[in-house]
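Here's the structure, in structure tokens; my notes come after.
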There are 2 protein chains.
Amino acid sequence: MSAPALTKNQALVFDVLEKADGPLSAYTILDKLRDHGFRAPLQVYRALEKLLEYGVVHRLESINSFVACAHPGENCHSHGIVAFAICESCSQVMEFHDHEVDQRLMDWTRSKKFKAEKTTIEIRGLCEACAA
Amino acid sequence: MSAPALTKNQALVFDVLEKADGPLSAYTILDKLRDHGFRAPLQVYRALEKLLEYGVVHRLESINSFVACAHPGENCHSHGIVAFAICESCSQVMEFHDHEVDQRLMDWTRSKKFKAEKTTIEIRGLCEACAA
DNA sequence: TCAATTGCGTTATGCTATAACGTGTGCGAT
DNA sequence: ATCGCACACGTTATAGCATAACGCAATTGA
């Protein structure tokens with residue numbers, strides 16, 4: 001599932017996300033790309049679908065937004081579960097990985113014979129700067 | 001933050017969620033309560049807001065749905081982080097708590113001086129029965 | 001009694017996401 | 001070569017999720 005060359009639309013969407021300093025909603029991305037010919041949400045969603053598949057973009061379920069992966073060049077899917085800390089004030093996102101957490105969750109799923117497909121870990125709160 | 005007596009609408013919404021065998025969207029709840037006089041989404045959302053606050057209902061961020069807490073009578077907020085395993089086939093939800101996971105995430109947030117307000121852990125996949 | 005709070009009902013609106021249709025392009029198999 | 005297939009793309013329409021803003025009624029406590 002590594003990333004092949006991106007199509008034009010995929011590259012445009014990825015570029016917007018990479019240059020953004022925080023997560024963006026699909027419609028925000030759409031607005032930013034109107035000058036590049038984007039007219040409809042599907043253009044964004046279809047690109048996002050692929051970018052998510054390639055592991056270069058993450059979806060933040062709790063805020064219906066998307067963010068470029070913090071590991072440019074690498075395939076994030078190989079890092080285990082991805083966790084996010086999302087500042088509700090400045091909307092900065094920190095991405096991290098904790099193998100111990102992965103292990104505990106995998107232990108649980110194995111004990112329940114639950115076949116995990118996609119795991120979401122999102123911590124919402126205030127970053128150091130905003131909490132002060 | 002323990003639960004005071006529920007108002008009529010809150011009780012109706014909670015009842016629907018408790019009797020359901022899986023998570024429900026706000027609009028599904030609305031449909032189930034039309035016979036009881038519910039007409040608008042806000043009636044559901046306002047009740048849900050309180051039920052979430054009281055800790056007797058959980059919101060599943062990844063599927064925009066709501067589910068009654070698996071610990072009737074107790075205050076779920078005192079159990080630490082709540083995690084969910086959601087079967088994408090039969091939509092059964094398993095709720096669990098893992099102190100070790102809590103600890104690891106808290107260690108991370110403390111090390112980053114991130115003030116966590118609300119943490120989401122949701123595992124989507126197939127339950128034992130559906131994976132067979 | 002007055003003010004503040006809380007719940008409720010209604011209308012309208014905004015945000016998020018996908019269905020369904022059709023077009024064009026590249027590419028391998030026959 | 002051309003047929004068939006897969007895939008990206010564009011467009012319109014619609015479905016699904018959530019809240020803003022208004023007003024009213026009941027409760028409570030100073």
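Convention: sequence-line order gives letters A, B, ...; per-chain numbering from 1.
- With rounding to the nearest 0.5 Å, the separation of CD in B:Q103 from CH2 in B:W108 is 15.5 Å.
- Atom CG in B:N64 sits roughly 18 Å away from atom P in D:dA15 (whole-Å rounding).
- The shortest distance between the side-chain N/O atoms of A:K8 and the OP1/OP2 oxygens of D:dC9 is not below 4.0 Å.
- Atom CD of A:E61 is separated from atom C1' of C:dA17 by 13 Å (rounded to the nearest Å).
- By the 30° and 60° cut-offs, the orientation of the rings of B:H71 relative to B:H97 is tilted.
- Atoms CZ (A:R39) and C1' (D:dA13) sit 16 Å apart, rounded to a whole Å.
- Among D:dC17, D:dG10, C:dG9, the nucleotide with an atom closest to any side-chain atom of A:Q43 is D:dG10.
- The distance from atom CD1 of A:I121 to atom CD of B:E122, rounded to the nearest 0.5 Å, is 11.0 Å.
- Rounded to an integer number of Å, the gap from CD1 of A:I29 to C1' of C:dA17 is 13 Å.
- Which of C:dG7, D:dA18, C:dT16 sits closest to the side chain of B:Q10 comes down to C:dG7.
- Closest to the side chain of B:Y45, from the set C:dA17, D:dA8, D:dA18, is D:dA18.
- Atom CG of A:L30 is separated from atom C1' of D:dG10 by 13 Å (rounded to the nearest Å).
- Computed from coordinates, the B:I63 CD1 to C:dA17 C1' distance equals 16 Å when rounded to whole Å.
- Distance B:L33 CG to C:dC8 C1': 15 Å, rounded to the nearest Å.
- Comparing A:G37 and A:Y27, the nucleotide of DNA chain D nearest to each residue sits closer to the 5' end for A:G37.
- Residue contacts shown for A:R46 include a base, since a base heavy atom lies under 4.0 Å away.
- With D:dA8, C:dA17, C:dC8 as the candidates, the nucleotide lying closest to the side chain of B:N9 is C:dC8.
- Every residue two or more places apart in sequence or in another chain was checked for a side chain to side chain donor-acceptor pair (under 3.5 Å) with B:S89, and none qualifies.
- Among the nucleotides C:dA19, D:dA18, C:dA17, the one closest to the side chain of A:L42 is C:dA19.
- The 5' end of DNA chain C is approached more closely, in terms of each residue's nearest nucleotide, by B:A40 than by the other of B:A40 and A:F66.
- Of the side-chain N and O atoms in B:T7, none sit less than 4.0 angstrom from OP1 or OP2 of C:dT6.
- In the set D:dC9, D:dC17, D:dA18, the nucleotide with an atom closest to the side chain of B:P41 is D:dA18.
- Remark: the backbone N or O of B:C69 is not paired with any side-chain donor or acceptor of B:E95 at under 3.5 angstrom.
- One can place CG of A:L6 at 16 Å from P of D:dC7, the figure rounded to the nearest angstrom.
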